[in-house]
Student: 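Sending over a structure as structure tokens; questions will come in a sec.
For this chain, numbers begin at 1 and follow the sequence in order. Atoms within a ligand are numbered from 1 in the order they appear, just like the ligands themselves.
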Amino acid sequence: MRVLDDVPELEELKNKVSSSFKEYLGYEECDVHIFENSDKNTLNDLANSSFFDRHLMEEMFIKKKPYVKSPNELCLPLECYERTLGVIYFKGNNVFEPERVSLLWAFSDQLAVRISDLQIPRHVSSNFKEKFRDISNTIFDNLKGFLEASIEKLKLLEEQNQKLAEVNQLRTELINNVSHELRTPLVSILGFSKILQRHEISEDLVHESSEQIQAAGARLSRMIDDLIQLNRVESKGWDLNLEIVDLGEIAQYAFEEFAPFNTKNKFILDLGEGDEVTKFDVEGDRKLLRQILDNLITNAIKYSPEGGEIRCSLRKQDGFIDVAIQDQGIGMLAEEKSRIFERFYRAKNDKSKNIAGLGLGLSICKDAVTALNGTIDCDSSYSEGSRFNVRFHAV
Ligand code: ADP
């Protein structure tokens, strides 16, 4: 079998197709093989080559199917008016998905028409050849347009595939992280309950074990609550029960609940200067506002393993209520700070890597604050502490 090269346009077409696919779509190879004597070739003649083996020929020209030589190698038949003209061969970096095969197949049909048209002039007069070339050039232009459009579409598919692959990778990482984080407190619960089963243990050990079980159970319950809430919010949105709420009162209740159980930190509620009792009224959902503050206070405690002051300050200024929750804990690196409101993001520096969590609390918090028309941001210095600033419209 010889490749036909006595029609210059054919050679030009082959090169153009081959270089376009390689250049624009990053295919490793794209070859157009055109058979000599395409009217008379038998399957036996064609199957004589090592590349075009019998199986490949049968698949393409008898069963009329694309031939997937290997996951990233694809051969398509070039056929026109029942004539077997050749084969187009692609080698890519990825598996050929069905949509891509269909697109390339449509392209190869167009290419076959063009090849067939270019081959006819070999047998006819030069006058006719001239005319034919004009017609042929028009077809070539159309084909070029089709090729460019196909390449655009393929590029889009390529990008979508890439995104899907990334999402899939992220999903696997998330499942691994979430499973790991859920398993950690469970291991604690199982370990300490085993200790409790022993016959002779001191009262101190009973006390310590049950405290550990309680703490691990609480951590587990918080994580499950976050997951459930995320699921609910993402499927149904926020179900708000709006009323006028005094944020100062909410902060006071939250502190009253946290402070007695936590002796390691010093809690300070700062409601501003002056004797007059200031109200910090906002329009909001009482339960959600409490949850936002609880979340920020829990984080302040959790990320202050060595204790320190936790200060909640409220101010009413310029038509806004500003709430700040400040700790003297481990803080964050600048690049971490910019990502903490992303779903499932967790800073993994030397100080935070052993602190458990799913990386959901702050992203839910931000959604909740936004649902109440507020804003939230964070200032933080590594090793020195963090300050979360929440702002709502005052009423
Ligand atoms: P989680 O605490 O479960 O990891 P969050 O969404 O509440 O999830 O927090 C996201 C990340 O932000 C945490 O993993 C942590 O790295 C960082 N972070 C949050 N609050 C603080 C804080 N007060 N001090 C230091 N880092 C914090």
Student: Which residue and non-hydrogen atom of the protein lie closest to atom 4 (O) of ligand 1, and at what distance in Å?
Tutor: Arg346 NE, 2.5 Å
Student: Any atoms of ligand 1 less than 4.0 Å from a non-hydrogen atom of Tyr345? List them with their elements.
Tutor: 10 (C), 11 (C)
Student: Just checking, Lys22 and Tyr27: is the charged tip under 6.0 Å from the six-membered ring centre and within 45° of the axis?
Tutor: no
Student: Among protein heavy atoms, which lies nearest atom 17 (C) of ligand 1, and at what distance?
Tutor: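 The closest one turns out to be Ile340 CG2, 3.8 Å.
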Student: What atoms of ligand 1 come within less than 4.0 Å of a heavy atom belonging to Lys302?
Tutor: 1 (P), 2 (O), 3 (O)
Student: Only heavy atoms of Asn299, strictly under 4.0 Å: list the atoms of ligand 1 that pass.
Tutor: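 Going through ligand 1 atom by atom, the ones under 4.0 Å from Asn299 are 2 (O), 7 (O), 19 (C), 20 (N), 23 (N).
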Student: So if I count the atoms of ligand 1 from 1 in the order they appear, which ones are less than 4.0 Å from some heavy atom of Ala347?
Tutor: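 Reading through ligand 1 atom by atom, the close ones are 14 (O), 16 (O).
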Student: Is Gly331 in contact with ligand 1, taking contact as a heavy-atom separation below 4.0 Å?
Tutor: yes
Student: Could you tell me if Glu306 and Gln328 have a donor-acceptor pair between their side chains, going purely by distance under 3.5 Å?
Tutor: no
Student: CD1/Ile228 to OG/Ser221 distance, rounded to the nearest 0.5 angstrom?
Tutor: 8.5 Å
Student: For this output row, return yes or no: ring centroids of Tyr89 and Tyr67 closer than 6.0 angstrom.
Tutor: no
Student: Heavy-atom contacts with Gly359 under 4.0 Å: which atoms of ligand 1 show up? List them by number with element.
Tutor: 1 (P), 3 (O), 4 (O), 6 (O), 8 (O)
Student: Quick check on Ser352 - does any of its heavy atoms sit under 4.0 Å from an atom of ligand 1?
Tutor: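 Outside the 4.0 Å threshold, so no.
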Student: Could you list which atoms of ligand 1 come closer than 4.0 Å to a heavy atom of Leu360?
Tutor: 6 (O), 8 (O)
Student: Side-chain donor-acceptor pair under 3.5 Å between Arg387 and Asn389, yes or no?
Tutor: yes
Student: Quick one: does Phe341 get within less than 4.0 Å of ligand 1, heavy atoms only?
Tutor: no
